[in-house]
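In what follows, a structure is listed as structure tokens, so that the remarks can point back to it.
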Amino acid sequence: MTNLSVTLQEGETIQVPASTSVGKALAGLQSNKQQKRTIAARVNGIVVDLSTALEEDAVISPIQIETEEGLTILRHSTAHVMAEAVKDIFGPGVKVAIGPAIENGFYYDFLRDEPFSPEDFDRIEKRMEEIVASGAPFVRTEVSSTTAIDAFAAEGEKYKLELIRDLAVKTVSLYKQGSFTDLCRGPHLPNTTFIKAFKLLRVAGAYWRGDEKNDVLQRIYGTAFFDKKDLKKYLDALEEAKKRDHRRLGKELELFTTQDQIGPGLILWQPKGAQLRRLIEDYWKDEHYRHDYELLYTPHIARQDLWKTSGHLDFYAENMYSPMDIDEVKYQLKPMNCPFHIGIYNSRKRSYREFPIRWCELGTVYRYERAGALHGLLRVRGFTQDDAHIFCRPEQLEDEIFNILDLNLHILKTFGFAEYDIYLSTRPEKYVGSDDHWQQATDALKQALEKKNLSYQLDPGEGVFYGPKIDIKIKDQLGRSWQCSTIQVDFNLPERFQVTYTGADNQEHQPIMIHRALMGSLERFVGVLIEHYAGVFPLWFAPVQARLLNITDDQADYCEEVYSQMRKAGVRIEKDLRNEKLNYKIREAQLAKIPYMLIVGDKEKEDRTVTVRLRDGKNLPAMTISDFIRKVQEECRAGRGIEER
RNA sequence: GCCACUUUAGCUCAGAUGGUAGAGCGGCGCUCUCGUAAAGCGCAGGCCAACGGUUCGAUUCCGUUAAGUGGCUCCA
């Protein structure tokens with residue numbers, strides 16, 4: 001028998017007979033303890049089961065269950081166990097589709113006439129426990145596609161048949177544990193005993209292969225971890241996310257609301273939310289002014305012809321609301337601001353000397369979103385973009401992109417977002433503009449990113465048809481990412497609206513146009529901010545900065561005085577002069593997440609001061625009104641990042 | 001839009017195999033005037049999402065519609 005040499009990634013080499021399983025080979029290379037945590041391995045770079053037989057010399061690195069990769073395998077295997085449980089309980093009439101591991105868990109799609117109910121979850125979980133306890137091994141077999149097709153056809157597993165046919169390969173691999181066999185590439189756990197902690201989370205509808213023309217399946221989501229502690233940690237994190245839900249906090253803190261009578265996806269900003277938004281807008285405008293932008297305002301509707309010219313009626317009609325008649329002419333609500341900005345550009349002839357032109361607007365747009373897509377502030381039908389359009393010459397593009405990135409990251413950072421995922425999307429299959437232009441623009445985007453020292457991922461073919469783009473996803477406090485910023489080069493609109501400028505050569509040229517939004521939409525950004533801060537906003541954009549609390553009615557007159565002085569000085573202050581106990585007032589202010597509580601009793605009234613209580617329960621020494629005003633102003637200045645510039 | 005689930009007082013939620021409903025918080029009133037996370041008592045709030053059907057009778061059963069939630073899909 002031939003001997004093979006097997007080398008552990010980190011060094012040690014042993015000789016084993018051919019056809020030795022990976023698991024066995026590893027047993028000779030690892031400690032017992034390590035061996036117990038090993039569930040799969042990378043052999044010559046390919047991830048395989050421990051049961052895989054070695055047929056050539058190999059470099060092996062074990063995959064431990066507690067690693068990211070191990071967790072994925074664990075979850076994938078748990079999905080198989082869930083499928084087995086479901087088939088056990090609900091019979092062969094239930095058809096299985098696919099069941100992959102996903103971020104934070106797994107799912108499996110089933111076809112079943114009856115809906116799954118939460119009570120079913122208990123039964124399924126119980127059956128899963130039994131399967132896990134049986135310790136059944138996950139057994140891999142390779143069979144010819146025709147054999148597999150026969151087998152799945154006999155069971156009526158039509159989705160599996162479709163998958164095999166589309167694979168169009170000679171042999172496929174099957175995994176069997178207990179009574180359940182699934183078409184699967186693997187790898188899987190050696191056996192079910194590695195499944196220590198799992199939970200089914202929810203059921204949702206999903207189309208077969210994500211296409212709404214196909215069958216609607218029931219998708220059961222679950223998660224699994226290698227021990228109970230981690231599962232609990234995850235479930236706790238879900239709880240925490242629930243607590244931070246901007247819809248809940250928006251209601252509790254009276255930031256925004258929606259009403260049936262007004263319509264879904266249409267946001268009503270309550271006074272506190274409006275204040276928050278105003279502070280963001282003011283800051284945004286200031287920063288744009290500093291960065292050499294000019295501010296625009298444009299209308300909410302325009303003649304339908306405009307949208308014909310812009311091409312929106314061709315490629316965006318399904319997101320636009322029906323036209324309205326005004327003096328027998330059709331008008332439509334705007335889904336984007338760009339044509340209006342172009343209108344301003346075209347209001348007179350432009351010279352290359354004016355470039356770059358940077359115009360920004362907090363422009364409110366309306367887009368039709370499918371009813372099922374609406375979600376709090378994050379997905380709405382009317383929203384305000386922090387939009388801007390830049391017109392420049394090709395050779396200015398890179399600098400402009402660099403400047404945008406600079407402003408973009410600066411603003412995000414000021415709001416407390418310091419981690420991003422950046423994507424560069426290149427030319428899709430269908431596009432307008434010349435290959436040269438695409439190449440130049442894409443290069444300019446790349447150069448700008450590199451000059452700014454930003455790492456990014458390439459999204460080949462994911463650009464919009466009119467130009468390449470950079471998308472920035474921000475990461476919040478809980479590590480979730482949100483798409484907000486987008487920077488897009490546009491070769492299309494300048495052409496359609498015949499946007500030109502007179503060059504140094506006295507000829508007419510077409511400028512490059514850049515669209516960009518940093519926060520994306522104010523609605524979404526505020527939603528993300530609420531969740532990021534859990535409603536505990538930094539002083540500089542807290543809708544209410546301070547609340548005055550008197551101890552008894554005796555200090556009411558002094559409090560009125562303090563209140564009006566502070567309000568005049570621009571401090572966002574409220575007064576709570578009700579005849580309630582101090583404890584009660586403090587509790588309410590605390591729940592309202594107000595940064596400073598100003599407590600006024602006889603002592604303070606006597607000394608003409610206030611005692612400052614912080615959100616964390618600590619007290620600052622009593623200070624005068626003007627000292628407090630100064631303190632607030634200084635902190636706000638620092639928060640807005642003024643000192644950095 | 002599609003699938004599933006949900007909709008009871010301002011908010012959070014109970015409730016009855018069909019006989020028109022309750023709690024806590026909040027609001028209002030009275031008493032208390034009180035120093036760092038909930039004082040006491042009382043009162044007022046509901047066409048039980050809307051509309052149709054079944055029924056002697058519907059908030060409860062059935063259907064339709066609307067809104068919400070979780071997904072699919074799409075995206076700021």
Side-chain angles (χ1 to χ4, degrees), chain A residues 107 109 111-112 114-118 120 201-221 242 245 247-248 251-252 254 257-265 316 318-319 335-337 363-365 367-387 464 471-473 482-486 488 515-525 527-528 549-556 578-592 597-604 611-619:
Chain A
Y107 67 78
D109 286 346
L111 179 71
R112 179 182 175 228
E114 298 290 303
F116 290 109
S117 69
D120 292 335
L201 297 173
R202 58 180 161 266
V203 58
Y207 299 105
W208 167 237
R209 296 190 151 180
D211 187 334
E212 54 191 275
K213 289 197 267 311
N214 292 340
D215 292 346
V216 176
L217 308 172
Q218 295 190 65
R219 175 171 298 176
I220 299 181
Y221 284 91
K242 229 176 175 177
D245 191 313
R247 292 165 299 183
R248 173 196 177 123
K251 191 178 272 178
E252 283 174 9
E254 300 196 296
T257 184
T258 55
Q259 282 203 339
D260 279 15
Q261 209 176 21
I262 287 162
Y316 210 70
E318 71 214 32
N319 289 296
M336 293 186 193
N337 303 301
T364 303
V365 298
R367 297 182 186 175
Y368 172 73
E369 289 292 342
R370 302 161 109 192
L374 300 174
H375 181 90
L377 288 177
L378 301 179
R379 178 132 242 112
V380 293
R381 286 183 172 157
F383 59 97
T384 302
Q385 287 185 306
D386 66 317
D387 211 354
V464 211
D471 287 327
I472 300 178
K473 291 189 178 176
W482 308 91
Q483 156 93 59
C484 290
S485 314
T486 183
Q488 313 182 346
H515 310 253
R516 54 93 297 194
L518 310 183
M519 303 184 288
S521 89
L522 281 163
E523 284 74 7
R524 170 173 292 178
F525 195 69
V528 173
L549 314 177
N550 59 342
I551 309 267
T552 71
D553 291 346
D554 289 341
Q555 302 92 35
R578 294 172 304 170
N579 177 18
E580 293 287 355
K581 295 182 91 169
L582 182 62
N583 274 331
Y584 184 72
K585 294 187 187 186
I586 285 177
R587 179 182 151 82
E588 291 211 325
Q590 193 79 38
L591 292 175
M597 294 170 222
L598 307 181
I599 296 165
V600 175
D602 284 335
K603 257 196 327 253
E604 288 81 1
T611 294
V612 181
R613 183 190 203 269
L614 309 176
R615 278 184 284 213
D616 63 7
K618 293 200 184 90
N619 268 359

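Here is how names work: the chains are called A, B, and so on, in the same order as the sequence lines, proteins then strands, and each is numbered from 1. Bear in mind that the values here come from a model prediction, so they are computed numbers and not experimental data.
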Check: protein-nucleotides 2-5 of chain B nitrogen or oxygen pairs below 3.5 Å:
unit_1: B:rC2; atom_1: O4'; unit_2: A:Tyr207; atom_2: OH; d: 3.4
unit_1: B:rC2; atom_1: O2; unit_2: A:Tyr207; atom_2: OH; d: 3.0
unit_1: B:rC3; atom_1: O2; unit_2: A:Gly205; atom_2: N; d: 3.2

Determine the contact category for [X]: base if any of its heavy atoms lies under 4.0 Å from a base atom, sugar-phosphate if only primed atoms, P, OP1 or OP2 are that close, otherwise nothing.
X        : result
A:Glu604 : base
A:Gln259 : nothing
A:Val365 : nothing
A:Tyr107 : nothing
A:Asn319 : nothing
A:Arg524 : base
A:Tyr368 : sugar-phosphate
A:Asp553 : base
A:Lys251 : sugar-phosphate
A:Arg516 : nothing

Check the phosphate of [N] against [X], side-chain N and O only, distance under 4.0 Å to OP1 or OP2. Yes or no?
X        : N      : value
A:Arg247 : B:rU69 : yes
A:Arg367 : B:rC75 : no
A:His375 : B:rG70 : yes
A:Asn619 : B:rU36 : no

Which listed nucleotide ([options]) is nearest to the side chain of [X]?
X        : options                : answer
A:Arg379 : B:rG70, B:rC75, B:rU36 : B:rC75
A:Gln590 : B:rU36, B:rU33, B:rA37 : B:rA37
A:Arg587 : B:rA38, B:rA67, B:rA76 : B:rA38
A:Thr611 : B:rG68, B:rG35, B:rG71 : B:rG35
A:Arg613 : B:rG70, B:rG68, B:rU36 : B:rU36

Bracket notation of RNA chain B in which parentheses pair within the strand, [ ] cross earlier pairs, and | pairs with another strand (Watson-Crick or G-U, under 3.5 Å): (((((((..((((.....[..)))).(((((.......))))).....(((((..]....))))))))))))....

Distances for protein N or O near nucleotides 30-32 of chain B N or O, under 3.5 Å:
unit_1: B:rC32; atom_1: N3; unit_2: A:Asn579; atom_2: ND2; d: 3.1
unit_1: B:rC32; atom_1: N4; unit_2: A:Asn579; atom_2: ND2; d: 2.1

B:rG45, syn or anti by chi within 90 degrees of zero: syn

Non-hydrogen side-chain atoms of A:Asn550 and A:Lys585 separated by less than 4.5 Å: yes

Test: A:Asp211 and A:Arg209 ion pair at under 4.0 Å: no

Report each atom pair, protein N/O against N/O of nucleotides 59-62 of chain B, whose distance is under 3.5 angstrom.
none

Residues in side chain to side chain contact (heavy atoms under 4.5 Å, CB included) contact with A:Arg248, at least two apart in sequence or another chain: A:Asp245, A:Glu252

I'd like a table of atom pairs between the protein and nucleotides 23-27 of chain B - only N or O on both sides, under 3.5 Å - with the distance next to each one.
unit_1: B:rG26; atom_1: OP1; unit_2: A:Tyr584; atom_2: OH; d: 2.7

